[in-house]
2 protein chains.
Amino acid sequence: MEDAYNADCCDFICAHEEIVSTVRREIPDEDVLYDLAELFRIFGDSTRIRILYVLSVSEMCVCDIAQLLGLTQSAISHQLKALKNTRLVKSRRDGKTVFYSLADDHVRAILGQGVEHVEE
Amino acid sequence: MEDAYNADCCDFICAHEEIVSTVRREIPDEDVLYDLAELFRIFGDSTRIRILYVLSVSEMCVCDIAQLLGLTQSAISHQLKALKNTRLVKSRRDGKTVFYSLADDHVRAILGQGVEHVEE
DNA sequence: CAATCATATGAACGAATGATCATATGTTCA
DNA sequence: TGAACATATGATCATTCGTTCATATGATTG
(Lines give C-alpha, C1' and ligand atoms only; values in the text may rest on other atoms or scores of the structure.)
Protein backbone atom coordinates (compact mmCIF):
# COMPACT_ATOMS: atom_id res chain seq x y z
CA MET A 1 0.00 0.00 0.00
CA GLU A 2 2.62 2.51 1.09
CA ASP A 3 4.79 1.99 -1.97
CA ALA A 4 1.86 2.95 -4.14
CA TYR A 5 3.50 6.36 -3.91
CA ASN A 6 5.85 5.11 -6.55
CA ALA A 7 3.21 3.65 -8.78
CA ASP A 8 2.99 4.85 -12.32
CA CYS A 9 0.98 7.93 -12.91
CA CYS A 10 0.26 9.17 -16.40
CA ASP A 11 3.16 7.66 -18.30
CA PHE A 12 5.71 7.99 -15.58
CA ILE A 13 6.22 8.97 -11.97
CA CYS A 14 5.06 12.51 -11.54
CA ALA A 15 3.79 12.38 -7.98
CA HIS A 16 4.74 14.88 -5.36
CA GLU A 17 5.31 12.13 -2.84
CA GLU A 18 5.23 14.12 0.35
CA ILE A 19 1.93 15.74 -0.42
CA VAL A 20 0.42 12.47 -1.53
CA SER A 21 1.50 10.61 1.59
CA THR A 22 0.36 13.40 3.90
CA VAL A 23 -3.03 13.57 2.27
CA ARG A 24 -3.39 9.82 2.27
CA ARG A 25 -3.07 9.83 6.03
CA GLU A 26 -5.67 12.53 6.55
CA ILE A 27 -8.63 11.47 4.45
CA PRO A 28 -11.46 9.66 6.27
CA ASP A 29 -12.36 6.02 5.87
CA GLU A 30 -13.66 4.84 2.55
CA ASP A 31 -16.99 4.07 4.25
CA VAL A 32 -17.56 7.58 5.53
CA LEU A 33 -16.84 9.08 2.16
CA TYR A 34 -19.13 6.58 0.50
CA ASP A 35 -21.98 7.43 2.86
CA LEU A 36 -21.32 11.10 2.34
CA ALA A 37 -21.57 10.75 -1.41
CA GLU A 38 -24.74 8.72 -0.99
CA LEU A 39 -26.24 11.46 1.18
CA PHE A 40 -25.52 14.16 -1.36
CA ARG A 41 -26.67 11.95 -4.19
CA ILE A 42 -30.09 11.91 -2.58
CA PHE A 43 -30.09 15.70 -2.43
CA GLY A 44 -28.91 15.82 -6.01
CA ASP A 45 -32.17 15.39 -7.85
CA SER A 46 -34.57 18.21 -8.52
CA THR A 47 -37.67 16.25 -7.63
CA ARG A 48 -36.23 15.29 -4.27
CA ILE A 49 -34.95 18.81 -3.66
CA ARG A 50 -38.40 20.16 -4.38
CA ILE A 51 -39.92 17.65 -2.00
CA LEU A 52 -37.49 18.64 0.73
CA TYR A 53 -38.17 22.31 0.17
CA VAL A 54 -41.89 21.78 0.26
CA LEU A 55 -41.53 19.88 3.50
CA SER A 56 -39.37 22.64 4.95
CA VAL A 57 -42.48 24.83 4.84
CA SER A 58 -44.98 22.34 6.20
CA GLU A 59 -45.57 18.66 6.72
CA MET A 60 -47.57 17.19 3.90
CA CYS A 61 -49.23 14.04 2.69
CA VAL A 62 -48.03 12.16 -0.36
CA CYS A 63 -51.04 13.16 -2.34
CA ASP A 64 -50.60 16.88 -1.73
CA ILE A 65 -46.95 16.76 -2.70
CA ALA A 66 -47.76 14.93 -5.90
CA GLN A 67 -50.34 17.53 -6.81
CA LEU A 68 -48.09 20.41 -5.90
CA LEU A 69 -45.17 19.14 -7.95
CA GLY A 70 -47.23 17.84 -10.85
CA LEU A 71 -45.99 14.28 -10.58
CA THR A 72 -47.54 10.88 -10.04
CA GLN A 73 -48.35 9.74 -6.53
CA SER A 74 -46.17 6.77 -7.31
CA ALA A 75 -43.18 8.88 -8.25
CA ILE A 76 -43.45 10.86 -5.05
CA SER A 77 -43.86 7.76 -2.95
CA HIS A 78 -40.75 6.22 -4.47
CA GLN A 79 -38.73 9.34 -3.79
CA LEU A 80 -40.06 9.69 -0.27
CA LYS A 81 -38.85 6.19 0.37
CA ALA A 82 -35.37 7.16 -0.75
CA LEU A 83 -35.49 10.25 1.43
CA LYS A 84 -36.64 8.20 4.38
CA ASN A 85 -33.94 5.59 3.93
CA THR A 86 -31.36 8.35 4.19
CA ARG A 87 -33.18 9.72 7.24
CA LEU A 88 -33.82 13.07 5.61
CA VAL A 89 -37.54 12.74 6.11
CA LYS A 90 -39.83 11.18 8.68
CA SER A 91 -43.48 10.20 8.51
CA ARG A 92 -46.48 9.88 10.74
CA ARG A 93 -49.67 8.12 9.89
CA ASP A 94 -53.09 9.66 10.47
CA GLY A 95 -55.75 7.25 9.35
CA LYS A 96 -55.39 6.62 5.67
CA THR A 97 -53.04 9.46 5.01
CA VAL A 98 -49.33 9.60 5.80
CA PHE A 99 -47.76 12.93 6.59
CA TYR A 100 -44.13 13.50 5.81
CA SER A 101 -41.83 16.13 7.30
CA LEU A 102 -38.13 16.92 7.46
CA ALA A 103 -36.26 14.56 9.75
CA ASP A 104 -34.31 17.23 11.59
CA ASP A 105 -32.60 20.58 11.31
CA HIS A 106 -29.52 19.08 9.68
CA VAL A 107 -31.52 18.85 6.52
CA ARG A 108 -32.50 22.48 6.73
CA ALA A 109 -28.87 23.40 7.39
CA ILE A 110 -27.59 21.47 4.40
CA LEU A 111 -30.21 23.02 2.15
CA GLY A 112 -29.28 26.44 3.48
CA GLN A 113 -25.58 25.97 2.78
CA GLY A 114 -26.46 24.87 -0.71
CA VAL A 115 -28.61 27.91 -1.35
CA GLU A 116 -25.83 30.18 -0.15
CA HIS A 117 -23.47 28.68 -2.68
CA VAL A 118 -25.97 28.83 -5.50
CA GLU A 119 -27.06 32.39 -4.86
CA GLU A 120 -23.59 33.79 -4.26
CA MET B 1 -52.34 27.77 -12.25
CA GLU B 2 -54.18 28.65 -9.03
CA ASP B 3 -57.04 26.28 -9.67
CA ALA B 4 -54.59 23.43 -9.85
CA TYR B 5 -55.52 23.11 -6.18
CA ASN B 6 -58.62 21.37 -7.40
CA ALA B 7 -56.88 19.10 -9.83
CA ASP B 8 -57.26 15.39 -9.40
CA CYS B 9 -54.91 13.73 -7.04
CA CYS B 10 -54.79 9.97 -6.73
CA ASP B 11 -58.27 9.08 -7.93
CA PHE B 12 -60.03 12.04 -6.47
CA ILE B 13 -59.52 15.32 -4.70
CA CYS B 14 -57.64 14.63 -1.54
CA ALA B 15 -55.61 17.82 -1.24
CA HIS B 16 -55.51 19.88 1.89
CA GLU B 17 -55.95 23.06 -0.09
CA GLU B 18 -54.80 25.60 2.44
CA ILE B 19 -51.53 23.87 3.08
CA VAL B 20 -50.91 23.36 -0.61
CA SER B 21 -51.57 26.98 -1.50
CA THR B 22 -49.47 28.29 1.39
CA VAL B 23 -46.55 26.10 0.45
CA ARG B 24 -46.88 26.94 -3.20
CA ARG B 25 -46.33 30.58 -2.35
CA GLU B 26 -43.25 29.94 -0.24
CA ILE B 27 -41.09 27.69 -2.35
CA PRO B 28 -38.30 29.35 -4.34
CA ASP B 29 -38.17 29.71 -8.08
CA GLU B 30 -37.88 26.63 -10.20
CA ASP B 31 -34.45 27.83 -11.32
CA VAL B 32 -32.98 28.09 -7.85
CA LEU B 33 -34.17 24.62 -6.94
CA TYR B 34 -32.80 23.25 -10.17
CA ASP B 35 -29.38 24.80 -9.53
CA LEU B 36 -29.46 23.52 -5.99
CA ALA B 37 -30.15 19.98 -7.14
CA GLU B 38 -27.36 20.32 -9.69
CA LEU B 39 -24.96 21.45 -6.97
CA PHE B 40 -25.73 18.50 -4.75
CA ARG B 41 -25.65 16.13 -7.69
CA ILE B 42 -22.02 17.07 -8.16
CA PHE B 43 -21.30 16.28 -4.52
CA GLY B 44 -23.22 13.05 -4.87
CA ASP B 45 -20.58 10.83 -6.39
CA SER B 46 -17.93 9.07 -4.36
CA THR B 47 -15.10 9.85 -6.75
CA ARG B 48 -15.91 13.55 -6.66
CA ILE B 49 -16.38 13.50 -2.88
CA ARG B 50 -12.99 11.86 -2.53
CA ILE B 51 -11.45 14.49 -4.77
CA LEU B 52 -12.99 17.27 -2.72
CA TYR B 53 -11.81 15.73 0.51
CA VAL B 54 -8.33 15.28 -0.81
CA LEU B 55 -8.28 18.91 -1.88
CA SER B 56 -9.54 19.98 1.51
CA VAL B 57 -6.19 18.81 2.87
CA SER B 58 -3.93 20.26 0.21
CA GLU B 59 -3.92 21.56 -3.31
CA MET B 60 -2.86 18.87 -5.74
CA CYS B 61 -2.13 18.20 -9.37
CA VAL B 62 -4.31 15.96 -11.51
CA CYS B 63 -1.69 13.30 -11.63
CA ASP B 64 -1.31 13.04 -7.86
CA ILE B 65 -5.04 12.80 -7.34
CA ALA B 66 -5.30 10.06 -9.93
CA GLN B 67 -2.56 8.10 -8.24
CA LEU B 68 -4.00 8.65 -4.78
CA LEU B 69 -7.48 7.52 -5.74
CA GLY B 70 -6.40 4.70 -8.02
CA LEU B 71 -8.15 6.05 -11.10
CA THR B 72 -7.16 7.14 -14.57
CA GLN B 73 -5.79 10.61 -15.16
CA SER B 74 -8.60 11.00 -17.66
CA ALA B 75 -11.29 10.09 -15.15
CA ILE B 76 -9.97 12.63 -12.67
CA SER B 77 -9.67 15.32 -15.30
CA HIS B 78 -13.25 14.79 -16.37
CA GLN B 79 -14.49 15.04 -12.81
CA LEU B 80 -12.36 18.08 -12.06
CA LYS B 81 -14.00 19.75 -14.99
CA ALA B 82 -17.41 19.07 -13.50
CA LEU B 83 -16.24 20.36 -10.15
CA LYS B 84 -14.85 23.47 -11.75
CA ASN B 85 -18.02 24.17 -13.72
CA THR B 86 -19.93 24.18 -10.45
CA ARG B 87 -17.25 26.44 -8.93
CA LEU B 88 -16.41 23.94 -6.23
CA VAL B 89 -12.79 23.84 -7.27
CA LYS B 90 -10.31 26.26 -8.76
CA SER B 91 -7.03 25.71 -10.54
CA ARG B 92 -3.70 27.37 -11.05
CA ARG B 93 -1.15 26.43 -13.64
CA ASP B 94 2.53 26.00 -12.81
CA GLY B 95 4.38 25.07 -15.96
CA LYS B 96 3.08 21.79 -17.23
CA THR B 97 1.20 20.88 -14.13
CA VAL B 98 -2.13 22.25 -12.98
CA PHE B 99 -2.85 22.46 -9.28
CA TYR B 100 -6.42 22.22 -8.08
CA SER B 101 -7.81 23.40 -4.78
CA LEU B 102 -11.18 24.02 -3.15
CA ALA B 103 -12.88 27.10 -4.52
CA ASP B 104 -13.88 28.54 -1.15
CA ASP B 105 -15.00 27.75 2.36
CA HIS B 106 -18.56 27.10 1.29
CA VAL B 107 -17.38 23.79 -0.03
CA ARG B 108 -15.77 22.92 3.26
CA ALA B 109 -18.93 23.98 5.09
CA ILE B 110 -21.17 21.83 2.93
CA LEU B 111 -18.87 18.84 3.35
CA GLY B 112 -18.88 19.45 7.09
CA GLN B 113 -22.64 19.53 7.33
CA GLY B 114 -22.77 16.30 5.38
CA VAL B 115 -20.31 14.58 7.67
CA GLU B 116 -22.32 15.66 10.69
CA HIS B 117 -25.42 14.04 9.28
CA VAL B 118 -23.62 10.87 8.27
CA GLU B 119 -21.81 10.41 11.57
CA GLU B 120 -24.76 11.27 13.80
C1' DC C 1 -66.95 -7.57 5.14
C1' DA C 2 -67.10 -5.02 1.00
C1' DA C 3 -66.14 -0.75 -1.08
C1' DT C 4 -63.28 3.18 -1.22
C1' DC C 5 -59.40 5.83 -0.64
C1' DA C 6 -54.27 6.80 0.39
C1' DT C 7 -50.01 4.91 0.04
C1' DA C 8 -46.42 1.42 -1.23
C1' DT C 9 -44.13 -1.61 -4.32
C1' DG C 10 -42.49 -4.25 -8.50
C1' DA C 11 -41.48 -4.37 -13.38
C1' DA C 12 -40.12 -2.01 -17.38
C1' DC C 13 -38.06 1.36 -20.18
C1' DG C 14 -35.77 5.50 -21.76
C1' DA C 15 -32.37 8.90 -20.27
C1' DA C 16 -28.37 10.23 -17.87
C1' DT C 17 -23.84 9.09 -15.95
C1' DG C 18 -18.99 7.67 -15.01
C1' DA C 19 -15.02 5.09 -16.43
C1' DT C 20 -11.93 3.92 -20.11
C1' DC C 21 -9.44 4.28 -24.44
C1' DA C 22 -7.56 7.04 -27.95
C1' DT C 23 -6.11 11.31 -29.08
C1' DA C 24 -5.66 16.42 -28.94
C1' DT C 25 -3.87 20.58 -26.63
C1' DG C 26 -0.52 23.06 -24.31
C1' DT C 27 3.97 23.62 -21.84
C1' DT C 28 8.93 22.88 -21.12
C1' DC C 29 13.52 22.08 -22.42
C1' DA C 30 17.39 20.20 -25.09
C1' DT D 1 11.73 23.06 -33.46
C1' DG D 2 10.84 18.55 -31.93
C1' DA D 3 10.62 15.26 -28.16
C1' DA D 4 8.63 14.47 -23.64
C1' DC D 5 5.36 15.26 -20.29
C1' DA D 6 0.89 16.91 -17.89
C1' DT D 7 -3.62 17.77 -18.78
C1' DA D 8 -8.01 18.05 -21.54
C1' DT D 9 -11.43 16.22 -24.53
C1' DG D 10 -14.38 13.20 -27.57
C1' DA D 11 -16.46 8.72 -28.30
C1' DT D 12 -18.07 4.56 -26.49
C1' DC D 13 -20.27 1.40 -23.40
C1' DA D 14 -22.05 -0.71 -19.32
C1' DT D 15 -24.50 0.71 -15.36
C1' DT D 16 -27.58 3.49 -12.69
C1' DC D 17 -31.62 6.24 -12.11
C1' DG D 18 -36.26 8.32 -12.30
C1' DT D 19 -40.66 7.93 -14.06
C1' DT D 20 -44.77 5.47 -15.27
C1' DC D 21 -48.07 1.71 -15.29
C1' DA D 22 -50.19 -1.92 -12.92
C1' DT D 23 -51.13 -3.79 -8.75
C1' DA D 24 -50.63 -4.77 -3.76
C1' DT D 25 -51.11 -3.30 1.07
C1' DG D 26 -53.37 -0.91 4.73
C1' DA D 27 -56.99 1.87 6.79
C1' DT D 28 -61.62 3.73 7.15
C1' DT D 29 -66.59 3.60 6.86
C1' DG D 30 -71.14 2.25 5.41
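Reckoned from all heavy atoms, side chains included, excluding hydrogens, waters and symmetry mates. In this text the structure is predicted, and so the values were computed from the model without any measurement. We name chains A, B, ... by the order of the sequence lines, and we start the count at 1 in each one.
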Open item on the list: Treating R93(B) as the side-chain partner and G95(B) as the backbone partner, does any N or O pair qualify as donor plus acceptor under 3.5 Å?
Closed with: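 Between the backbone of G95(B) and the side chain of R93(B) there is a qualifying donor-acceptor contact (under 3.5 Å).
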Open item on the list: Using 0.5 Å steps for rounding, measure from the CG atom of D64(A) to the OG atom of S21(B).
Closed with: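 Nearest 0.5 Å value for the CG-OG distance: 10.5 Å.
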Open item on the list: Once rounded to the nearest 0.5 Å, what's the spacing between atom OG of S91(A) and atom CG of L55(A)?
Closed with: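 It is 11.0 Å, given to the nearest 0.5 Å.
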Open item on the list: Please pick, from dT20(D), dG18(C), dT27(C), the nucleotide with the shortest atom-to-atom distance to any side-chain atom of R41(B).
Closed with: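 The listed nucleotide nearest to R41(B)'s side chain is dG18(C).
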- [ ] Measure from the side chain of T97(A), starting at C-beta and using heavy atoms only, and say which of dT9(C), dT7(C), dT9(D) lies closest.
- [x]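 From the listed options, dT7(C) comes nearest.
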Open item on the list: Categorize S77(A) for me: base, sugar-phosphate, or nothing, with a 4.0 angstrom heavy-atom threshold over every strand shown.
Closed with: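 Touches a base.
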Open item on the list: Mind checking if Y100(A) touches a base, just sugar-phosphate, or nothing, with heavy atoms under 4.0 Å?
Closed with: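 Answer is sugar-phosphate: Y100(A) comes under 4.0 Å of backbone atoms only.
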Rounded to the nearest Å, what distance is computed from the [atom1] atom of residue [X] to the [atom2] atom of nucleotide [N]?
| X | N | atom1 | atom2 | result |
| --- | --- | --- | --- | --- |
| I76(B) | dT7(D) | CD1 | C1' | 12 Å |
| D94(A) | dA6(C) | CG | C1' | 12 Å |
| L71(A) | dT7(C) | CG | P | 15 Å |
| K90(A) | dT7(C) | NZ | C1' | 19 Å |
| Q67(B) | dT7(D) | CD | C1' | 16 Å |
| K84(A) | dT9(C) | NZ | P | 9 Å |
| K96(A) | dA6(C) | NZ | P | 6 Å |
| E59(B) | dA6(D) | CD | P | 17 Å |

Open item on the list: Whether the H106(B) and Q113(A) side chains hold a donor-acceptor pair (N or O, under 3.5 Å, no angle test) is what I'd like checked.
Closed with: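 Checked: H106(B)/Q113(A) side chains show no N/O donor-acceptor pair below 3.5 Å.
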Open item on the list: Show every ring-ring contact (aromatic ring centres under 6.0 Å, His included) that has at least one partner inside residues 67-100 of chain A, sequence neighbours left out.
Closed with: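 Pairs touching residues 67-100 of chain A that pass the test: F99(A)-H16(B).
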Side-chain N,O ([X]) to OP1/OP2 ([N]) below 4.0 Å:
| X | N | answer |
| --- | --- | --- |
| T72(B) | dT20(C) | yes |
| R93(B) | dA6(D) | no |
| K81(B) | dT9(D) | yes |
| Q79(B) | dT17(C) | no |

Open item on the list: Does the structure show H78(A) stacking with dT9(C), if we require the centres to be closer than 5.5 Å and the planes to be within less than 30 degrees of parallel?
Closed with: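 It does: the ring sits over the base of dT9(C).
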Open item on the list: I want to confirm an ordering. Mapping A75(B) and G44(A) to their closest nucleotides on DNA chain D, which one lands closer to the 5' end?
Closed with: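 Here A75(B) is the residue nearer the 5' end.
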Task: Base of dC21(D) paired with side chain of S74(A) (donor-acceptor, under 3.5 Å) - done: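 Check passes, donor-acceptor contact within cut-off.
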Open item on the list: Check this for me: does the side-chain of Q73(A) come within 3.5 Å of the base of dA8(C) through a donor and an acceptor?
Closed with: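 Yes, a donor-acceptor pair under 3.5 Å.
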